[in-house]
Protein chains: 2
Amino acid sequence: MSQMGYCRLMTLDREQVLRSAAALLTRKSTATMDEVARAAGIGRATLHRHFAGRDALVGALEDLGIQEFEAALDTAGLDEGSAEDGLRRFVAAVQPAAGLLSFLVTENQLFEGDDVNEGWNRLDARVAAFFRRGQERGEIRIDLTPAWLTEALYGLIGSCAWAVQDGRVAAQDFPYMIVELLLGGARRSVEK
Amino acid sequence: MSQMGYCRLMTLDREQVLRSAAALLTRKSTATMDEVARAAGIGRATLHRHFAGRDALVGALEDLGIQEFEAALDTAGLDEGSAEDGLRRFVAAVQPAAGLLSFLVTENQLFEGDDVNEGWNRLDARVAAFFRRGQERGEIRIDLTPAWLTEALYGLIGSCAWAVQDGRVAAQDFPYMIVELLLGGARRSVEK
DNA sequence: AGTCGATGGGACGTTGATGTCTCAAATGGG
DNA sequence: CCCATTTGAGACATCAACGTCCCATCGACT
């Protein structure tokens, strides 16, 4: 009747399975349930005991991604200091989850928007609000809408995550490449 | 047995089928062969007479995308005038094919890189060379590698195409949003 | 040692997409 | 007006992935 130890072990396993599934699906988004199970070192039956099906797995992955994204937003402290420093801290904090986020974004795109997880709306709103505050404080251009800047940030995170995986960008340059391009742009100006 | 819906449209050119397939797969990348056929206004059998299978269809779509991408590069005249003007012309020229390009990029990502169409390498090389020339002429920052700028351009094109499709960005702002962000960045500086 | 629960492997049946085939009907040219 | 070609629709087999189930095995706790 020792439910305590039993439950804790289960959740740990579930967490590990989720991590390895994220790592695999990040690289191969069409991976089979069997491949996911093998990658986690468990049998397909056990995988189905943890997650009712593929939808449930992707759903759990979605929750995990949203949670990590939100945690990155929280720990970054977007509003402390300049917009640039806040964004730099955020991108650095979100880097470990970048691949997962990229996977979830494309997964969401081909999902016929019935019941989208409202967590995305909350995150979008936080990021867009960050850019809007930057505009109000005169740090961010006003001719680029917060919605577009948010979308562009996601796109750059996904592109850079893929470039890192392909070896075209060094992992340590991830935050620099994204923030410098998003904020500073590629144009070489006199004062820089 | 008069099928009223189909009498009107006679021999549909392979080109037209490709166009409608591109338009559909851009929105729903997992569309069925049957859906592709219906979207083109033809039967599934006829679709198979034009393209041996799904792989052949995607391959033809790939060739079409590469061709349009290259045509955009040619008509834009990247090297005429400043890098900014060249990029602006190119993004405007590539806008009609942006959705297709986005589809092909993600399709290529989940493709286990066996025999990648070498057309992509050629296009990547041209774009990267454009950025490199901009660096040599002092117009482009040298701390952002041409490979990353190329990747970022693709990412921004895909993100903006999706944002336009979702109504978050006006179609007429497509070139402006991309070029301004990629070259100028979001930071509000004094001289701007 | 004995028991209980979890695991993994495998064997199902089901589903959805694919590719191939045939045939009737429609089209267009001669 | 007739005939060759093309088309759409449907039937059919195939295949891969999914989801479910069973059972032998293993590990942990008593």
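In what follows, every chain begins at residue 1, and chains take the letters A, B, ... in the order their sequences are listed.
- Without hydrogens or angle criteria, A:Gln95 side chain to A:Ala171 main chain gives a donor-acceptor distance under 3.5 Å.
- Applying the 4.0 Å criterion to OP1 and OP2 of D:dT7, one finds that B:Thr46 has every side-chain N and O outside that range.
- Computed from coordinates, the A:Arg54 CZ to C:dT15 C1' distance equals 15 Å when rounded to whole Å.
- Closest approach to the A:His50 side chain among D:dG19, C:dT7, D:dG8 is made by C:dT7 (side chain taken as heavy atoms from C-beta onward).
- A donor-acceptor pair under 3.5 Å is absent between the side-chain atoms of B:Glu68 and the main chain of B:Leu101, judged by distance alone.
- Checking C:dT7, D:dG19, D:dG8 against the side-chain heavy atoms of B:Ile42 singles out D:dG8 as nearest.
- Remark: P of D:dG19 and CG of A:Leu47 are 10 Å apart, rounded to the nearest angstrom.
- Here the straight-line distance linking atom OG1 of A:Thr106 with atom CD of B:Gln109 works out to 8.0 Å at 0.5 Å rounding.
- If you check every strand for non-hydrogen atoms under 4.0 Å, B:Arg49 touches a base.
- In this structure, B:Arg44 reaches the bases: a heavy-atom distance under 4.0 Å links it to at least one base atom across the strands shown.
- When side chains are defined from C-beta on, A:Phe131 does not count as touching A:Leu144, because their heavy atoms never get closer than 4.5 Å.
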For this session: Evaluate the salt bridge (Lys or Arg N to Asp or Glu O under 4.0 Å) criterion for residues A:Glu35 and A:Arg27: first the C-alpha distance (whole Å), next the side-chain angles of each, then the deciding distance (0.1 Å), finally the verdict.
Result: CA-CA 12 Å; A:Glu35 293 176 285; A:Arg27 281 171 294 139; over 6 Å; no

Compile the donor-acceptor pairs under 3.5 Å between side chains in residues 149-164 of chain B and protein atoms, sequence neighbours left out, one pair per line.
from	atom 1	to	atom 2	distance (Å)
B:Thr150	OG1	B:Pro146	O	2.7
B:Glu151	OE1	A:Arg168	NE	3.0
B:Glu151	OE1	A:Arg168	NH2	3.2
B:Glu151	OE2	A:Arg168	NH2	3.2
B:Tyr154	OH	B:Asp124	OD1	2.6
B:Ser159	OG	B:Gly155	O	3.0

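- A heavy atom lying under 4.0 Å from DNA chain D marks the following residues of residues 21-41 of chain A, by number: A:Thr32, A:Met33.
- Here C:dC21 is the nucleotide among D:dC21, D:dG19, C:dC21 with the atom lying nearest to any side-chain atom of B:Ala45.
- Regarding A:Leu57, its CG atom lies at a distance of 10 Å from the P atom of D:dC18, rounded to whole Å.
- Spacing between atom CG of B:Asp55 and atom C1' of C:dT18 amounts to 11 Å, rounded to whole angstrom units.
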For this session: Output, in order, the C-alpha distance, side-chain angles, deciding distance and verdict of salt bridge (Lys or Arg N to Asp or Glu O under 4.0 Å) for A:Arg89 and A:Asp85.
Result: CA-CA 6 Å; A:Arg89 288 191 302 269; A:Asp85 291 340; 5.3 Å; no

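- Between the NE2 atom of A:His48 and the P atom of D:dA17 there is a distance of 13 Å, given to the nearest Å.
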